[in-house]
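First the structure, in the form of structure tokens, and then the observations on it.
Chain A is the first sequence line, chain B the second, and so forth, proteins listed ahead of strands; every chain is numbered from 1. Given the structure is predicted, the values throughout are model-derived calculations rather than measurements. We use all heavy atoms of the structure for the numbers below, so side chains are in, but hydrogens, waters and symmetry mates are not.
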There are 2 protein chains.
Amino acid sequence: MGRPSPLGNRVRELREERGMTQAELGEAIGVTRQTVAAIEQNRYSPSLESAFRIARLFERGVEDVFYWSGS
Amino acid sequence: MGRPSPLGNRVRELREERGMTQAELGEAIGVTRQTVAAIEQNRYSPSLESAFRIARLFERGVEDVFYWSGS
DNA sequence: CGCCCATGTCAAAAATAATTAACATGGGTT
DNA sequence: AACCCATGTTAATTATTTTTGACATGGGCG
């Protein structure tokens, strides 16, 4: 299972606000829909590059999309 | 060589401002000094978790430490 | 009901990040 | 010169992320 992630994110919320599917979001930032699903469910910490791509797509700051939620 | 990273960072500058060595920074955030050196030289995109740890140590936002510099 | 579509999930493999253990270099100091 | 110390760098390995391909579920709609 891997240790719990200290990060949380609002990717799903922001994606749904825009009426996008996981597949569309993945396509837009260059990852697969499975990767988007894993990120939304916080199954692992994405690369900083993926995080920037998502934030830029949503026109938000990285820290508006991803946040520290524990040590 | 790997494709050029679209990210840049100010880790070295912020580390030096605080008079820390690469080894000390690595110890503080839980990675090795080689990893710190690689991040400073932008040899790869760190995990989002490492990026948050660095930013929090420096009491800065993630985007104040790391920035998008290309496509 | 039957058919899409979006999502969840899984296993195996590929790609990339990070570790470990070396050795090299240059600066400063004695 | 000899000695530290911080940094650079590399090869080999381990850990983690991401991909690929597959199959399952539930909702909406004909």
Legend entry - Phosphate OP1/OP2 of D/dT7: any B/Gln41 side-chain N/O under 4.0 Å: no
Legend entry - Value in whole Å for how far the P atom of D/dT18 lies from CD of A/Glu27: 17 Å
Legend entry - Whether over 12 other heavy atoms sit under 6.0 Å from A/Glu59 CD: no
Between protein and nucleic acid, restricted to nucleotides 25-27 of chain D and to nitrogen or oxygen atoms under 3.5 Å apart, what atom pairs and distances do you find?
none

Legend entry - d(CZ, B/Arg15; P, D/dA6) in whole Å: 10 Å
Inset, instruction - Please report how far the helix from C/dC1-D/dG30 to C/dT30-D/dA1 bends, comparing the axis fitted to its first five pairs with the axis fitted to its last five, to the nearest 10 degrees. - result: 30°
Legend entry - Distance test, side-chain N/O of B/Arg12 to OP1/OP2 of D/dG8, below 4.0 Å: yes
Inset, instruction - Measure the distance from CD on A/Glu40 to P on C/dA6 and round it to the nearest whole Å. - result: 14 Å
Inset, instruction - State whether the side chain of B/Arg33 and the backbone N or O of B/Glu24 hold a donor-acceptor pair below 3.5 Å, judged by distance alone. - result: no
Inset, instruction - Look only at the side chain of B/Arg15 and the backbone of B/Met20, and say whether a donor-acceptor pair between them is shorter than 3.5 Å. - result: yes
Please list, pair by pair, any protein nitrogen or oxygen found under 3.5 Å from a nitrogen or oxygen in nucleotides 14-19 of chain C.
unit_1 : atom_1 : unit_2  : atom_2 : d
C/dA17 : OP1    : B/Ser45 : N      : 3.4
C/dA18 : OP1    : B/Ser47 : N      : 3.2
C/dT19 : OP2    : B/Thr32 : N      : 3.0
C/dT19 : OP2    : B/Thr32 : OG1    : 3.1
C/dT19 : OP2    : B/Thr35 : OG1    : 2.3

Inset, instruction - Using modelled atom types only, decide if a donor and an acceptor are shared between the side chain of B/Ser45 and the backbone of A/Ser47 within a distance under 3.5 Å. - result: no
Inset, instruction - Taking the side chain as every heavy atom from C-beta outward, state whether A/Phe66 and A/Ile39 have any atom pair closer than 4.5 Å. - result: yes
Inset, instruction - Kindly say whether A/Val62 contributes a backbone atom to a donor-acceptor pair with the side chain of B/Glu63 at under 3.5 angstrom? - result: yes
Legend entry - Side chain to side chain, A/Phe58 and A/Glu17, heavy atoms closer than 4.5 Å: no
Legend entry - Nearest-0.5 Å distance that lies between atom CD in B/Gln41 and atom CZ in B/Arg43: 5.5 Å
Legend entry - Other residues, nucleotides, ligands: >12 heavy atoms within 6.0 Å of B/Glu27 CD: no
Legend entry - Heavy-atom donor-acceptor pair, A/Ser5 side chain to A/Tyr44 backbone, under 3.5 Å: no
Legend entry - Short side-chain to backbone donor-acceptor contact, B/Arg60 and B/Arg56, under 3.5 Å: no
